[in-house]
Amino acid sequence: MIHSLFLINCSGDIFLEKHWKSVVSQSVCDYFFEAQEKAIDVENVPPVISTPHHYLISIYRDKIFFVSVIQTEVPPLFVIEFLHRVADTFQDYFGECSETAIKDNVVIVYELLEEMLDNGFPLATESNILKELIKPPTILRSVVNSITGSSNVGDTLPTGQLSNIPWRRAGVKYTNNEAYFDVIEEIDAIIDKSGSTVFAEIQGVIDSCIKLSGMPDLSLSFMNPRLLDDVSFHPCIRFKRWESERVLSFIPPDGNFRLISYRVSSQNLVAIPVYVKHMISFKENTSSGRFDVTIGPKQNMGKTVEGVVMTVHMPKAVLNMNLTATQGSYTFDPVTKVLTWDVGKITPQKLPNLKGIVNLQSGAPKPEENPSLNIQFKIQQLAISGLKVNRLDMYGEKYKPFKGSSFVSDGEQEPKSLSSQNFT
Amino acid sequence: MAASPAYGEEKGGSSSLGEPEYGHDPASGGIFSSDYKRHDDLKEMLDSNKDSLKLEAMKRIVAMIARGKNASDLFPAVVKNVACKNIEVKKLVYVYLVRYAEEQQDLALLSISTFQRGLKDPNQLIRASALRVLSSIRVPIIVPIMMLAIKEAASDMSPYVRKTAAHAIPKLYSLDSDQKDQLIEVIEKLLADKTTLVAGSVVMAFEEVCPERIDLIHKNYRKLCNLLIDVEEWGQVVIINMLTRYARTQFLSPNQNESLLEENTEKAFYGSEEEDAKDAKAEAASLAKRKPYVMDPDHRLLLRNTKPLLQSRNAAVVMAVAQLYFHLAPKAEVGVIAKALVRLLRSHSEVQYVVLQNVATMSIKRRGMFEPYLKSFYIRSTDPTQIKILKLEVLTNLANETNISTILREFQTYIRSMDKDFVAATIQAIGRCATNIGKVRDTCLNGLVQLLSNRDELVVAESVVVIKKLLQMQPAQHSEIIKHMAKLTDNIQVPMARASILWLIGEYCEHVPKIAPDVLRKMAKSFTNEEDIVKLQVINLAAKLYLTNSKQSKLLTQYVLNLAKYDQNYDIRDRARFIRQLIVPTEKSGALNKYAKKLFLAQKPAPILESSFKDRDHFQLGSLSHLLNAKAVGYQELPDWPDEAPDPSVRNVEVPEWTKCTSREKRKEKVEKPFYSDSEGESGPTESADSEPESGSEEHSSSSSSGSSSSDTEEEEEEEDSREQSEDKEEEEEEEEKRPKRKDKDGSRKAVSGSAGSPSEEEEEEEGAKKGKKKAPQGRKGHAETSSEEASTSESSSSGSDSGSEAEAKQRKPPSSKASSKEISLLDLDDFTPPPPQPIPSSSIISTSLVTDLEGLTLTDTSLTPTLLSPAFSAVKTYELLHRMAGEGLAVEYCFSRRPFPGDPHMVAVQIQISNNTDTEVKNLRVNEPKPLSGMRIQEFPEIERLAPGDTASVVMGIDFCDSTQAANFQLCTHTRQFYVSIQPPVGELMAPVFMSENEFKKEQGKLMGMSEITEKLMLPEKCQSDHTIVQQVTSAANVGRVPCGASNEYRFAAKTVTSGSLVLITLERREGSTAQLTINSEKMVIGTMLVKDIIQALAQ
């Protein structure tokens, strides 16, 4: 299966390599660099490259290319999914999946990779098992380690690997037992020039942070489970219960994890919480144009729209932009021609507006099409789909009578909706 | 870590110093010496006895390895530490060892003994890790040691060690492929393992070592299917892919009998002719066979058990299931995967890329599947170009007459995109839509022509190329467009577009007779500056004009050919020479000249614009080969469906505990297993080779608890609590498997609510059986009424509750549900619970009065003599074995004649009545392949040579049911067909009456007290007060003989079970009022309890 892994940064340095079978020379990456050169940008590097003796399957995450070398037939998604899992693990361990983080923790990275694959076949990818084997680095621990000479490698043996519930480690103990569920929803809409919605759908995830002792068995029910059109589950969820009762029943992993991700059927009309008035025009001969955009909130159940960011890919002919924003700040990158306007919170009394002059290259033909506006925003305390959590019950733990109640009321949802709009 | 920056600096320093000094040869002594120096301190640290120093050194070494620097000269110093106590040092040493052992084989051997010791460690994790490192050291000398270690680990107690052994197999195989045979043995053994931990890994090993040994899978097929849901996600992918291949070799195509009509209506519009022809051929072939397709239950099992995995968070698993459905599922069911695949489009762009490739392939074959999700494939401005192009491909594939207008509108916006590659692809896509959908061809063409005035040259060029292709389909009507394009030659510079225009003009020069020579004139002028591809087309144009209009173009042609003659490109020179000879008549040119016109101006077929994804589905979807559209190394071909299904019985697994139910029953049982629980999953056909000691000790655990398969809630919770006790549960499962009757929804619900314990369950079931039986005799009266037969086979499970008229139908229904419902349920949706094989019209109390009345009428004469030992005395109830619909005109009924079976006193005689309702003769009627469970024996009836249309034959066969109510399954074969049928005896038929005096009875009863005695109180309904009715009801419920009795309010009956001859004594004592007490004494408690139920049921009516 997976033969070797190379981590390559954006400037083309191979800064880490790991081989699970015989060593494959770094020169195999030349094929990758070749493909990278051909591609217009990093996103367009084909994920699968065929070379005379190997196949390269790569992903691009956080400015790092994870290039794996394959020798025989293997489902490409298998490898891609695994590489993303590796990146997730790094993120989990080091807080970020960056070149510096990896270089600083190269030994841990190596130990992780060693545990995650055996002979190219995934062995332990559950973060709980890995954390039992190799403790994540923290400042405190590294200080303690340097004094006591102890190590990051757990000296207990990974019992999680043996259990039927590999995602949960045994013997978890907390003084405060808590469970948090974050419902995060994302509207994805394509809106045409006239403002009518071409396509809109809501994607959501429920991220959980569970800090409960022992082996709790939770069940989470919704007021309106029928909303969820298509769901994908963390392996801990019992499918049958969901099928029959629409209840999420599971023994949770310890710590942070994504419980489900779902899609709300597009049949339900999606109310898009913001609107945009735009006026972008280019004059034929003067090599300049006007730009005027206003963003305003639509009906949003009294919640404020925050974190609004608008990005616009301007046409190539645009040389510079002279704009004034009534709120927030804007930047224009003349190289990539991307205009970014960080608006912040929208207050209905004073709608944010950005207007000014666009300078075009002299002599260049007038751009024929207006650029598309991409708008991102957040609404706290509101699940745009209207999904509501009914209750959370816990079974199977002794501390239930004492603490069960505390966390049911605690079973906080922090619904916020992170949405992006795509105006074309 | 503190030292590592220092190390970095040091190294940086050395290399920056080293390079100018020692110049170009990296192998020169200079660098070595600096390396040597540097490594010296590492060596020192490794040799020290402080763990922290060692650790520091190892960390630095590993950092070197990670950067791809050579650290091999430290090998001896590192290997010394292989036995280090510090676990982190040890791990890092392992990392080093695995990396360099191949290069330093001799030294690597030093470490082997440590691992060998580790293999014997009492801790399973240490054993596993020792095996893991040992097998990762690629040193050929240790192959025998590895082999031994793997073999040993394969029978280790710990599943984790066995998993590691499975991982080690491909490692050893890649090191020394001569070990294949031995490794296959190990694989075979591990395949039989029943833990989820091992399953994924061993299938992986199987795929790498011996993917061709499909026969190894047979026995484990069902187990794998059942375990699947609990296997870790990576293992799931591998198993699903392997099972896809397996299923392709073992089952018949579920779509073979797809109706011709459906196929063609869809194809007619857009399918290419060729495809149609192919399909038609296939259709004809399948029509010729025209055998109703019945999906193998194992095939269904696979589909059913993989479906929930579509909900997995792992994209690879979802894709694996999707491809399985695409390749294996009946057309009607493939649709379920669309939603999941669309969901994956929200994932990382690499995932999208792969998924879209696969969707593109699928959408060609099964357009309808993705049509509802059309909008999900709309392109976002932020998508990377490669994703955009794939989405475009899918949109084009999905285009049809109804949605084309929306798609075209969408395309129009895409054309304005700033991404030029994407715009070009869009134009191509429009061209494809235009060719595929005739209705919009003109619209598209007009749109494309408008694009010709686009400011962007690339857009224009691409449009020209596409227009050229479109025009070729109907050139006559579009001379205007050709003229328009001719004008473009002045401006357009893209070679491909210029070439296309020239070709068009040449090809259709008769439509533009005036313009063509002028274009040639212009081109001749600029000939030398053109690209090669354009030059070739200029020559072509010249040649064609020369042939059609030589007057105007002769000189121009000569000129062009002369220019071409001295061109730098030899292709062009060759072409010029060739064309000159062909078109210009000279003495030498000979015969070809005459045909020049035919050669050049022949009708050329229009190009077919089709997807590059067409026919890619001969690769297994989701595979690397599919993505690359080329066979990757190690790709296993997806075999075609076989014409004849191989023997399905190879998948049967014989296990002693299981023997009471046939394979068919088993399968059904399993299908209903709840999701997500190891114990359930593991209860597949567990013929584990290495029975674990734990499981052995649990063996006795009784068949208690209502571990019903369909009881969801409580059951699962319970399971969670007792995951560790999976072994225990498994026992229960097995126990349950023994009772095929549990499939009935009703029955199982009862079983759950009923307190616990298998006896009670069986009682319930028997009760059902009894009810069914009760109806039967009266139903026999209405024998002629067969009209209600068609009234659905599933009805019996819906507890036919009402009137007597319905009860009449019952007589036929229950058995028919047995025979035909099997097939039906298998084809049906998942939730469909198959009706019970036994007639259980469970709550038909309302109808009872009428039934009993009728019964009384029918049975009067016989039951007047409720005497002893008269086996034939009782009413004979017929059951249906094969409904005439299911049997294609062949109707088979059976009844228990209650006569001793001649030849074998331990067999129950079953009289079978076969009537041929077809209009052809049925030949060679016989029983085939009886698959009795262990102990059960079937004495087949002699073969019926022929049965004329309308005729009825009656035969007797003997079945030894082993005193159980398990069904006997066998195949009923004719010369053309075979039907799976099963006979399930009511408990009352498992005994034969015995003669006994009152004293004897009392004596025997005295022996059978305590445990063997079952007492039940009951109310006798009014109708059942007379002696006569009571006796009659009891004897109709069971084949028992009456024992004389002194007391007038007591009735006694006695019988012996047919197989074991155990006594069954029945006492019914009437008390005051209408109450009564029923006592049954029998060694066979199960039979006793079932009988109590049956009799009470009978009397209650």
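Values below: all heavy atoms of this structure, side chains included; hydrogens, waters and symmetry mates excluded. Predicted model, so just to flag it, every value in this text is computed and none were measured.
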Centroid separation under 6.0 Å, is that true for the rings of F619(B) and Y635(B)? yes
Would you kindly say whether H84(A) and R61(A) are connected by a side-chain donor-acceptor distance under 3.5 Å? yes
Does R238(A) pair with D217(A) as a salt bridge, N-O distance under 4.0 Å? yes
Given that the side chain runs from C-beta out, which part of K631(B) has a heavy atom under 4.5 Å from chain A: side chain, backbone, both or neither? backbone
For Y110(A), is it the side chain, the backbone, both or neither that has a heavy atom under 4.5 Å from a heavy atom of chain B? side chain
So which part of A340(B) gets closer than 4.5 Å to some heavy atom of chain A, the side chain, the backbone, both or neither? backbone
So, the part of V351(B) with a heavy atom under 4.5 Å from chain A: the answer is both
So that I know where these two stand, are F250(A) and H234(A) an aromatic pair - ring centroids less than 6.0 Å apart? no
If you count heavy-atom pairs within less than 4.5 Å of chain A, which of K50(B), K163(B), R313(B), M58(B) leads? R313(B)
Which bit of Y55(A) is near chain B, if near means a heavy-atom gap under 4.5 Å: side chain, backbone, both or neither? side chain
Geometric cation-pi criterion K18(A) and W20(A), 6.0 Å radius, 45° cone: yes
Tell me, for Q386(B) versus chain A, whether the close heavy atoms (under 4.5 Å) come from the side chain, the backbone, both or neither. both
Can the ring centroids of F377(B) and Y373(B) be said to lie less than 6.0 angstrom from one another? no
Pick one of side chain, backbone, both or neither for Q71(A), based on which atoms fall under 4.5 Å of a heavy atom in chain B. backbone
With a 4.5 angstrom heavy-atom cut-off, is it the side chain or the backbone of N314(B) that approaches chain A, or both, or neither? both
Shortest non-hydrogen contact from R132(B) toward L117(A): NH2-O, 3.4 Å
Check each atom of I57(A) against the heavy atoms of chain B and say whether the ones under 4.5 Å are side chain, backbone, both or neither. side chain
Tell me whether E111(A) is salt-bridged to K59(B), with the criterion being a basic N under 4.0 Å from an acidic carboxylate O. no
Checking T385(B) against N44(A): is there a side-chain donor and acceptor pair closer than 3.5 Å? yes
Non-hydrogen atoms of chain A under 4.5 Å away: do they reach the side chain of D383(B), the backbone, both or neither? neither
Whatever's closer than 4.5 Å to a heavy atom in chain A on Q323(B) counts as neither
Measure T311(A) against the heavy atoms of chain B and call it side chain, backbone, both or neither at under 4.5 Å. neither
Using non-hydrogen atoms and a 4.5 Å limit, figure out which bit of S312(B) sits close to chain A: side chain, backbone, both or neither. backbone
Are K171(B) and E208(B) ion-paired here, with the side-chain N under 4.0 Å from a carboxylate O? no
Turns out that what part of E410(B) lies under 4.5 Å from chain A's heavy atoms comes down to side chain
Check whether V355(B) gets within reach of chain A through its side chain, its backbone, both or neither, counting any heavy atom under 4.5 Å. side chain
Heavy-atom distance under 4.5 Å to chain B: side chain of V45(A), backbone, both or neither? backbone
Do the side chains of K339(B) and D230(A) get close enough for a salt bridge, i.e. N-O under 4.0 angstrom? no
Less than 4.5 Å to any heavy atom of chain B: does that hold for the side chain of I80(A), its backbone, both, or neither? side chain
Proximal component of N358(B), with respect to chain A [non-hydrogen, under 4.5 Å]: neither
Between W234(B) and F78(A), is the ring centroid distance below 6.0 Å? yes
Chain B: which of V79(A), D41(A), T125(A) shares the most heavy-atom pairs with it under 4.5 Å? T125(A)
Under 4.5 Å to a heavy atom of chain B? For F6(A) that would be neither
Please give me the minimum heavy-atom distance between L345(B) and S376(B), naming the atom from each residue. CD1-O, 4.2 Å
Segment of V318(B) engaging chain A (4.5 angstrom heavy-atom cut-off): neither
Atom group of E17(A) that falls short of 4.5 Å from chain B, counting heavy atoms: both
